A.B. asks: 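Got a structure for you, questions after.
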Protein chains: 2
Amino acid sequence: MRKFNFSAGPAALPEPVLYQAQQELLDWHGLGCSVMEISHRTAEFIAVAERAEQDLRDLLSIPESYKVLFLQGGATAQFAAVPWNLFGSGAKKADYIHSGHWAAKAIKEARRYGEVTVVASSEDRNFRYAPAKDCWQQSAEAAYLHYTPNETIGGVEFDYVPEVDCPLVADMSSSILSRPIPVDKFGVIYAGAQKNMGPSGIAVAIVREDLLHRAMAGIPRGLSWKVAADAGSMDNTPPTFAWYLSGLVFQWLKAQGGVEAMARLADKKSALLYEFLDRSEFFSSPVEKESRSRMNVPFVLADERLHKPFLEAAGEAGLLGLKGHRSVGGMRASLYNAVPLEAVVALVAFLSDFEARRG
Amino acid sequence: MRKFNFSAGPAALPEPVLYQAQQELLDWHGLGCSVMEISHRTAEFIAVAERAEQDLRDLLSIPESYKVLFLQGGATAQFAAVPWNLFGSGAKKADYIHSGHWAAKAIKEARRYGEVTVVASSEDRNFRYAPAKDCWQQSAEAAYLHYTPNETIGGVEFDYVPEVDCPLVADMSSSILSRPIPVDKFGVIYAGAQKNMGPSGIAVAIVREDLLHRAMAGIPRGLSWKVAADAGSMDNTPPTFAWYLSGLVFQWLKAQGGVEAMARLADKKSALLYEFLDRSEFFSSPVEKESRSRMNVPFVLADERLHKPFLEAAGEAGLLGLKGHRSVGGMRASLYNAVPLEAVVALVAFLSDFEARRG
């Protein structure tokens, strides 16, 4: 029996997608083998790959002037790929907005290759908010500005897109496909799949074509966006099953009404949970109101000794993946696209009941 | 209906493995969700990962002094990882044996980071054999010697392990787990999973511990064996489903009798096919007898105009994946562990029949 799954990632996938994958796992489209048992060079797999790309382009209205790349190594590999691909011409300087755990990792990796200026940071209040739009200035000679529109661990989401003269680079791992985005304001968008797109093991990079020619000498072949773009993301064997499954998720998203429908649903789900947390005297959100994520909702219990009983009771109630990240503790409910409204209704009912019994 | 699948990779997986994955795809071990929908930090997934590693250690008798890493980016990422991880101390020189398509790719990537000496090559006879054991000399100051024990495209396999004073590095992508190997003769063994281990999207590196401390400055985090070793291959989110599925393949291999049984089966399967090819007046093997691969068997038709009808007839006979690599043309039957003896019997019967009708 399927339970409600609030895992931050690898996260819940749409049940119809898993069901279809299950049905065709041993014999895909009557081919006599699994989709994961055929060469990526076959006409059959190329059709899977091309449809996935086109569906993603449709969902996010990606302009023709952007390449869509399917890559390995997760967003973490992109922390290195961003400076390697963009520092080749110029002063090897970049601006970063520091908004928490994942921004810190991106900054740390970029500092190994050039000069990073942290132009804005929310460290002063322990990363409980997103730095405001007009509180900072772009550096001279910055090759790009990098930010993290949604911090998966902190549960902080930007409600604006930074306006800069240099290419804007965003790690959109935990919020991609949860709302329409103005792709043309970005130079590069990248995201690991395992939250809103598919299983772990595949990542997407959406790269404006003019940025494909700025790589540093010595860039490892596997990090090069140019190599990936020229090869249709098949310079070497791609993670075919993860690509196929992401494609099924894209199809499912289109059938649900696309990212507009996902945005409405995300608003509804997160509002329901935050309203409860704000009413509660036992549970609370540590994030400042105007920066609260619609995707990842960390929350704390008034009594930390109840963490273990809480997780046990949640498990018994059929609610999975509520343990917070090991770096911050507490609890967290991730409300990605594949988490239905009923799951959040059930969660709020459980929280309310737990509070009444133990609070 | 499942057909016989001779794909060179992504390749056939054991049917019982796919069947188990199918049964538990939506609800793994009664957890209420798929194994691909849980965090890699959960006790449940860590148990999956640890068992996979232990089973691989058992299968290959990997000594304690070696780390077993599960990585992304395929063997191609390791073409860069090898020099990045081993050129840090010393003269940035390495020896490579050039045995065909994949060796060439490894050499090309390594040359971007240091001085590569091709100590032996089979280019003189178009890579139709493996350079002999005693025909070459190790260079002074070589940080390592790299070779490709089995060339997937050329269908050439080494029948010996080179003896060198420096660390021996092997791209074992298409032959790992097909026979026992003396791991202690190697410094590093690496392999993409999609031939003899699992689906594409995961690779294994087996690294002697003393080699974890030789990386060049600036190594991208995702290429660092040291980072991966210190983090139990979970520095960032690993490809969990591919790891799980590879683990099921390892369990299946143990149940089949391990690599000794696989070696006997590979000998039997490949002998059956080569014997037919040598008897045939229409089909032939382009590879010199003493270097013929037990895993990948390229073969040519006396009349190239029959390629298309051949592949069509093979498809109708339920034989998949026989088209040769785009770089060399012709045909190729890959006989990895998951390809049963009956598949080869059926293939030989088909070839014989085709020759009688069209030869």
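Predicted model only: the values in this text are computed from it and were never measured. Quick note on labels: first sequence line is chain A, next is B, and so on, each numbered from 1.
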A.B. asks: Relative to chain A, which segment of B/W84 carries a heavy atom at a distance below 4.5 Å: side chain, backbone, both, or neither?
C.D. replies: side chain
A.B. asks: Is there a donor in the side chain of A/S200 and an acceptor in the side chain of B/T240, or the other way round, less than 3.5 Å apart?
C.D. replies: yes
A.B. asks: For chain A, find which of B/P10, B/G201, B/P239 contributes the most heavy-atom pairs closer than 4.5 angstrom.
C.D. replies: B/P10
A.B. asks: Counting heavy-atom pairs under 4.5 Å to chain B, which of A/G30, A/G321, A/G218 comes out on top?
C.D. replies: A/G218
A.B. asks: Do the side chains of B/E37 and A/R2 get close enough for a salt bridge, i.e. N-O under 4.0 angstrom?
C.D. replies: yes
A.B. asks: Mark yes or no for whether B/R112, through its side chain, and A/I219, through its backbone, hold a donor-acceptor pair below 3.5 Å.
C.D. replies: yes
A.B. asks: Please determine, among A/A193, A/P220, A/G318, the option with the most heavy-atom pairs under 4.5 Å with chain B.
C.D. replies: A/P220
A.B. asks: Can you name the one residue among A/N5, A/L13, A/L18 that meets side chain to side chain contact (heavy atoms under 4.5 Å, CB included) with B/S34?
C.D. replies: A/L18
A.B. asks: Enter the distance from B/M1:CE to A/L31:CG here, rounded to the nearest 0.5 Å.
C.D. replies: 12.0 Å
A.B. asks: Check whether A/I38 gets within reach of chain B through its side chain, its backbone, both or neither, counting any heavy atom under 4.5 Å.
C.D. replies: backbone
A.B. asks: Quick check on B/L223 against chain A: is it the side chain, the backbone, both or neither that has a heavy atom closer than 4.5 Å?
C.D. replies: side chain
A.B. asks: Is A/Q22 reaching over with its side chain to a backbone N or O of B/Q22, donor-acceptor style, under 3.5 angstrom?
C.D. replies: yes
A.B. asks: Look at the rings of B/F241 and A/F241 and say which category their plane angle falls in: under 30° parallel, 30 to 60° tilted, over 60° perpendicular.
C.D. replies: parallel
A.B. asks: Do A/N236 side-chain atoms and B/G73 backbone N/O form a donor-acceptor pair below 3.5 Å?
C.D. replies: yes
A.B. asks: Tell me whether A/K3 at atom NZ has more than 12 heavy atoms from other residues, nucleotides or ligands lying less than 6.0 Å away.
C.D. replies: yes
A.B. asks: Given a strict heavy-atom distance threshold of 4.5 Å, which part of A/A338 is in contact with chain B: side chain, backbone, both, or neither?
C.D. replies: neither
A.B. asks: Any side-chain heavy-atom pair from B/L245 and A/M36 closer than 4.5 angstrom?
C.D. replies: yes
A.B. asks: Locate the shortest heavy-atom distance separating A/S39 from B/S7; write the atom from each residue and the value.
C.D. replies: N-OG, 3.9 Å
A.B. asks: Counting heavy-atom pairs under 4.5 Å with chain B, which one of A/P83, A/A21, A/G32 comes out on top?
C.D. replies: A/G32
A.B. asks: How far does NZ of A/K195 sit from OG1 of B/T237, to the nearest 0.5 angstrom?
C.D. replies: 5.5 Å
A.B. asks: So which residue, A/A12, A/G222, A/A217, ends up with the most heavy-atom pairs under 4.5 Å with chain B?
C.D. replies: A/A12
A.B. asks: Quick check: closest heavy atoms across A/K105 and B/D235, and the distance to 0.1 Å?
C.D. replies: NZ-O, 4.3 Å
A.B. asks: Which of the residues A/P199, A/G9, A/A80 is involved in the greatest number of heavy-atom pairs with chain B at under 4.5 angstrom?
C.D. replies: A/G9
A.B. asks: Do the side chains of B/C33 and A/F4 get nearer than 4.5 Å, heavy atoms only?
C.D. replies: no
A.B. asks: Quick one: which of A/H40, A/R221, A/E15 has the most heavy-atom pairs under 4.5 Å with chain B, could you say?
C.D. replies: A/R221
